[in-house]
Each structure stands twice: as structure tokens, then as C-alpha cells.
Protein chains: 2
Amino acid sequence: MIQNHLREYRKLNNYSQEYLADQVNVSRQTIISIEKGKFNPSLSLSFKFANIFGVAIEELFQYEEDNNE
Amino acid sequence: MIQNHLREYRKLNNYSQEYLADQVNVSRQTIISIEKGKFNPSLSLSFKFANIFGVAIEELFQYEEDNNE
DNA sequence: TGATATTGTAAAGTTTTGTTTACATTTAAT
DNA sequence: ATTAAATGTAAACAAAACTTTACAATATCA
């Protein structure tokens, strides 16, 4: 299980989903799915988010040692 | 592009590929592919590796802002 | 040298991430 | 109130992560 603060950081920076999507080179749907925790981004995409917001991956995403990964 | 020091950390801990695979709940093939940089692990798997070796994701994996992701 | 553990390779299959499109709903501005 | 921008949803598709199996090549060690 992965929790994330993508939405918070996105709004903090006044980015629309579409703008952020463009910045990291994915579709808007992908942003939506990640924000909703529907999936588990790839590491390189996670790095892109972290870089854009200038934070560590661990600050943007938190791993919860749970039942199902 | 993602570089990683998985192999180094694995050997440092005297783990076989198979043992490490078991620890993080993936197949040995997955370990091989990641060690060889053949693919880009999911974030949750990356966290598992980092946790097992007791290092930050950023220490295990380095992101290179290149041509193709 | 011969047995055993470890690593390499390859290929076909499954699952999940990520795309694309299209439209509906909400929010923000004028 | 109306328009435009932003967000939500859904479904079919493509691509990449990950599995499984099977066997070959290296290393380790008695």
C-alpha cells in the first residue's frame, strides 16, 4: 500500500492535472489514478514527481507495510 | 533512466537473488531484470528493497534525467 | 573431480501500469 | 446565469512489470 500527497503538492503549486501530466509526460488519466491511489507508479515516474516538487520521494509517497503490498 | 545499486547491497548482505526475491515477494527473474536495469521497478517494490537494506530509495536508485524517461 | 548452490538466459503467459477517447459533473470566473 | 477551465468516470487498448518454467553456465566447496 502506498499513500501519496501528490494532490496536495499539485495544488500547492497551482498545477492542474493536465499541466502536471504534461510535465512528467504521462496522460491526465494517469495523474488521476495515482492521486486516487488506484495504482502504484513506476519508480522513474515517482522520481519525476519528486523532482518537480523539489521533495524527496519519501515525502511525496509513503509506504505502508500492509497485507497486499 | 534509472541506475541502481541493488546488486552491491545484495552482496553486501550476502543475499542470493532467490533469497532477496523471497524477502520482497517477487520472482528471481524480477530481481535479475532489475539488477540488470532491464526495468523500472514499481514504487512499492522499490520501497521494499530500500527497507530491507535500510537505506533511502535515493541511495539505492538514481534517476538520470535522460532521453527516454 | 563431482555435487550443490548461485547466477544467466529465454520465451510464453498474466497482471498492472499507463494511453486514448469521449462525455458528464463540478468549480471558477465574468 | 453563462461560459470556460478543471476534474471525474468509464471502457477499450497498449505497453511494461512481473511470473513461471526450464535449462545452461559459473561458482563454491567437500
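Under the side chain to side chain donor-acceptor pair (under 3.5 Å) criterion, B/Tyr15 pairs with no residue, sequence neighbours left out.
To the nearest 0.5 angstrom, A/Ser42 atom OG is 12.0 Å from B/Phe39 atom CZ. Taken to the nearest 0.5 Å, the OG atom of A/Ser44 stands 10.5 Å off from the CG atom of A/Asn25. Here A/His5 contributes atom NE2 and A/Phe49 contributes atom CZ; the two are 14.5 Å apart, rounded to the nearest 0.5 Å. Atom CD in B/Gln23 sits 10.0 Å away from atom CD1 in B/Ile31 (nearest 0.5 Å). Summarising the geometry, atom CD belonging to B/Gln17 is positioned 8.5 Å from atom CD belonging to B/Gln29; distances are rounded to the nearest 0.5 Å.
Checked against C/dG18, C/dG8, D/dC18, the side chain of B/Pro41 finds its nearest nucleotide in D/dC18.
To the nearest angstrom, P of C/dT19 lies 8 Å from CG of A/Asn25. Atom CD1 in A/Ile2 sits roughly 15 Å away from atom P in C/dT16 (whole-Å rounding). Rounding to whole angstrom units, CD1 of residue B/Ile34 and C1' of C/dT9 are separated by 17 Å. Rounded to whole Å, the distance from CZ on B/Phe39 to C1' on D/dA17 is 5 Å. Following rounding to the nearest Å, A/Ile31 (CD1) and C/dT20 (P) show an atom-to-atom distance of 13 Å. Put simply, CG on A/Leu45 is 13 Å from C1' on D/dA16, counting in whole angstrom units. Separating the CG atom of A/Leu43 from the C1' atom of C/dG18 is a distance of 16 Å, rounded to the nearest angstrom. Counting to the nearest Å, the P atom of C/dT17 and the CD1 atom of A/Ile32 are 16 Å from each other.
Residue-to-nucleotide proximity on DNA chain C shows that, of A/Ser33 and B/Lys36, the 5′-proximal contact is made by B/Lys36.
The bend of the helix from C/dT1-D/dA30 to C/dT30-D/dA1, defined by the angle between the axes of its first five and last five pairs, stands at 50° to the nearest 10°.
Contacts with DNA chain D (heavy atom under 4.0 Å) in residues 4-20 of chain A: A/Arg7, A/Arg10, A/Ser16, A/Gln17, listed by number.
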Can you give me the N/O atom pairs linking the protein to nucleotides 10-14 of chain D at distances under 3.5 Å, or say none if there are none?
from   : atom 1 : to      : atom 2 : distance (Å)
D/dA10 : N6     : A/Gln29 : NE2    : 3.1

For nucleotides 26-30 of chain D, which of its nitrogen or oxygen atoms have a protein nitrogen or oxygen under 3.5 Å away, and what is each distance?
none

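With hydrogens and angles left out, the side chain of A/Arg28 and the base of C/dG18 share no donor-acceptor pair within 3.5 Å.
Residue-environment remark: CD (B/Glu18) stays at or below the threshold of 12 foreign heavy atoms within 6.0 Å.
Residues A/Thr30 and A/Ser27 have side chains that bring a donor and an acceptor to within less than 3.5 angstrom of each other.
No continuous path of hydrophobic side-chain contacts links B/Ile32 to B/Val26 [ILVMFWY only; heavy atoms under 4.5 Å].
Side chain of B/Asn40 to backbone of B/Ile2: no donor-acceptor contact under 3.5 angstrom is found.
The shortest distance between the side-chain N/O atoms of B/Thr30 and the OP1/OP2 oxygens of D/dC18 is not below 4.0 Å.
Shortest non-hydrogen contact noted between B/Glu8 and B/Asn4 is OE1-O, 4.3 Å.
The only member of B/Val24, B/Leu20, B/Leu43 that meets side-chain contact (heavy atoms from CB on, under 4.5 Å) when paired with B/Lys48 is B/Val24.
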Donor-acceptor contacts under 3.5 Å from residues 50-61 of chain B side chains, at least two apart:
from    : atom 1 : to      : atom 2 : distance (Å)
B/Asn51 : ND2    : B/Phe47 : O      : 3.4
B/Glu58 : OE2    : A/Ile57 : N      : 3.0
B/Glu59 : OE2    : B/Tyr9  : OH     : 2.6

